[in-house]
Amino acid sequence: MELKNELCTVLEQIKEKTPLVHHITNYVTVNDCANITLAIGGSPVMADDHKEVEDMVSIASAVVLNIGTLNERTIESFVLAGKKANELNIPVILDPVGAGATAFRSQTIEKILKEVKLSVLRGNMSEIKNIYGTGTQTKGVDSVDSSLDGGKEIAISLAKKLSCTVVITGEVDIVSDGNKTYAIQNGHKALSSITGTGCMSASLIGACCGTGKGILQGAILGTMIMGIAGEKANERLKVHEGLGSFKVYLMDAVSNFDQDDIRKRGKVDEI
Amino acid sequence: MELKNELCTVLEQIKEKTPLVHHITNYVTVNDCANITLAIGGSPVMADDHKEVEDMVSIASAVVLNIGTLNERTIESFVLAGKKANELNIPVILDPVGAGATAFRSQTIEKILKEVKLSVLRGNMSEIKNIYGTGTQTKGVDSVDSSLDGGKEIAISLAKKLSCTVVITGEVDIVSDGNKTYAIQNGHKALSSITGTGCMSASLIGACCGTGKGILQGAILGTMIMGIAGEKANERLKVHEGLGSFKVYLMDAVSNFDQDDIRKRGKVDEI
Amino acid sequence: MELKNELCTVLEQIKEKTPLVHHITNYVTVNDCANITLAIGGSPVMADDHKEVEDMVSIASAVVLNIGTLNERTIESFVLAGKKANELNIPVILDPVGAGATAFRSQTIEKILKEVKLSVLRGNMSEIKNIYGTGTQTKGVDSVDSSLDGGKEIAISLAKKLSCTVVITGEVDIVSDGNKTYAIQNGHKALSSITGTGCMSASLIGACCGTGKGILQGAILGTMIMGIAGEKANERLKVHEGLGSFKVYLMDAVSNFDQDDIRKRGKVDEI
């Protein structure tokens, strides 16, 4: 119950402070990221040119870096924005979209991890495993167990290694700061049938962490909001409706998300 | 009533002429801008490379420049497109997104204002104030009154200074060509809870001005359409619905917008 | 009936194989392209940097090149990705958005056609005519008949010339591999009132062709899905609804598309 009280405080603080979440993100899901930030009560700004990202970070409450459609121009901006955020003690959330799919992505993630201190790293199991494997050359990626226990182990060691909170999203979401680890059992499978639910989770985490009420709490709440909104969206779906309606209902659910959702629907347990 | 007749003519002409609105705009709200241009009866085209913007302008009826996610590549294109439009007497609408947030934005706006003659400048109060302050160094930004009277004063002097129509959107929208000034009292607060309503207003103004039936009239109608569509979207909203549904209903309302909406719902007065 | 059986097999294989469709596409409709790929059962990936497109192609089942918002950076990537796909025998679908609107677009298309072997070329009549005219300098564009017969003639000769399948979308869609030619009479006029239905058709064709069950069949099915989904979306539309709802219903219809739709609604005939 104590954790849920803390999560309620974070939610309250979003509504009160309207944290500005600066995104350097991909052009596929950027509109959804902006709208979900607004829907939860934050304020989004998207700016990626190296000539202005530091200025923009300076007025932000959180910075979300998403490498979904990375290019050389934005890589420079990722690093500039991340370093400025570190300097100003503003939380940085990294979404390593497609980690491992190409060498270019792996190199970019390595560069960011080397130059920027993260508050939250959020990815799916395959992305997080890839980063975990990259960092520990003695342990091949394939040897890692993909069960809940395997995920827990990876989340904890990666969190310790990077001194940040790690979020692995999947059927069960795992959140760990290296010290405490939680499993969140909200969500619905349709969330993986629309694009951008991962990116949007990172935006929600950005808004939550931007309140200054705890990085671990922010990572848990941002992840939980997406899961519960997915459940509520699915419950509203009529038989002839499909993924178009699901996405609309998802955004509805986030904009109506309240403390009752946390208390009555939230399924979070320390593991 | 005379003004409303003129606005009805503009609307009619959009449906008849399907004006091509060339956008150089941000990647956050660009899909919404394209869809709203279609919804009102125009035809959108988005092209931002310096090698083709002049060709594209040559076949367009209006040009919308939006600096939401500006970068060095697009800045060059803003200027090339704007100059070409001036040469061909095609109206140019500028949406100075985030003016004042970074030095890079202020410099870009200054560059555009120096090299391109605008037909319409559309922004929120904070953006317009920033431009107003930038241009008149003897008057600090903070000293400007943010009331309706203050907005009117700013709109008039900026319109005179830039020889264009200025639109300040907010709870009450103000439109001035320096000679005549109007207040539009349509709209709903939810419009500020989804991303892109400002950008979409600029697209609507582009479609309206692209008819050749008056810049001031086009600026008023484009602004009014967004306000009335916001009202109608809100009226359809059921209790369990939220911002996802609101956005769908907003687009519905624009695509169903007709002369009756202007006559029965339009709240525009000379001030 | 034999063709419809083949189309049913393609659909079944999409659900079974979840083909990865790599897009290098415009930033206007990219979100819709990703979502429609997911809705039909494929998996979308968008990556456009020259440093990673070849790696991404290597793990893809189909490549969609869309020049909607082309620039020098992406042109290089179009060619690199296309060549790599040719090397690996992965189908390449080209959507020549706005062909003929600017010299830059014509040159880019010429470059792609010279360096990349296409599986499918998909455009509207004006785009395809422009490419047809470009390639056969002795025949001016204007002299081409725009009737169904005219379209058939163009589709056949262009398909032969490029050794690929050509899709001309319009009120009646025409699909030809140079040997066999089909007319598809599904669709609804509202499809041309929202942005991206052409781009989304190319994505659907990508998912279909990515199954390895025939390029001609894939081109027909991808085109037919969009047409039937448009019909079903329109049938659900209530009187006070408009283009916002239409787009939601369109995505719903694609996500619910099944073999019954092919068998009962599909209107495809060899011509």
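All of these numbers come straight from a predicted model, not from anything done at the bench. Letters go in sequence order (proteins before strands), and every chain restarts at 1.
- Heavy-atom minimum distance, Ser245(A) versus Asp252(C): OG-OD2, 2.6 Å.
- Of the atoms belonging to Glu72(A), heavy atoms from both backbone and side chain fall under 4.5 Å from chain C.
- Ranked by non-hydrogen atom pairs under 4.5 Å with chain C, the options Asn26(A), Leu70(A), Val248(A) are led by Leu70(A).
- You'll find the side chain of Asp55(C) stays beyond 4.5 Å of the side chain of Arg105(A), heavy atoms only.
- Annotation for Glu171(A): atom CD does not count as buried by contact number, only 12 or fewer foreign heavy atoms lying within 6.0 Å.
- Between the side chains of Asn31(A) and Asn31(C), no donor-acceptor pair is found at a separation under 3.5 Å.
- Between Thr102(A) and Glu52(C), the shortest heavy-atom distance links the atoms OG1-OE1, 2.7 Å.
- Only the backbone of Thr25(C) comes within contact range of chain A, with at least one heavy atom under 4.5 Å from a heavy atom of that chain.
- Residue Ser193(A) touches chain C through its backbone alone, counting heavy-atom pairs closer than 4.5 Å.
- Residue with the most contacts toward chain A among Arg236(C), Met46(C), Glu54(C): Arg236(C) (heavy-atom pairs, distance under 4.5 Å).
- Lys232(C) places none of its side-chain heavy atoms less than 4.5 Å from the side chain of His240(A).
- The structure places CG of Asp49(C) at 10.0 Å from OG1 of Thr69(A), a figure rounded to the nearest 0.5 Å.
- No more than 12 heavy-atom neighbours from other residues, nucleotides or ligands sit within 6.0 angstrom of NZ on Lys111(A).
- Annotation: side chain of Thr195(A) is in contact with side chain of Leu38(C) (closest heavy-atom distance under 4.5 Å).
- Taking 4.5 Å as the limit, some side-chain heavy atom of Tyr27(A) sits within range of a side-chain heavy atom of Asp48(C).
- Of the two parts of Val28(A), the backbone and the side chain both hold a non-hydrogen atom closer than 4.5 Å to a non-hydrogen atom of chain C.
- Minimum interatomic distance between Ser255(C) and Gly242(A) (heavy atoms only, all atoms of both residues): OG-CA, 3.4 Å.
- For His50(C), the part lying under 4.5 angstrom from a heavy atom of chain A is the side chain only.
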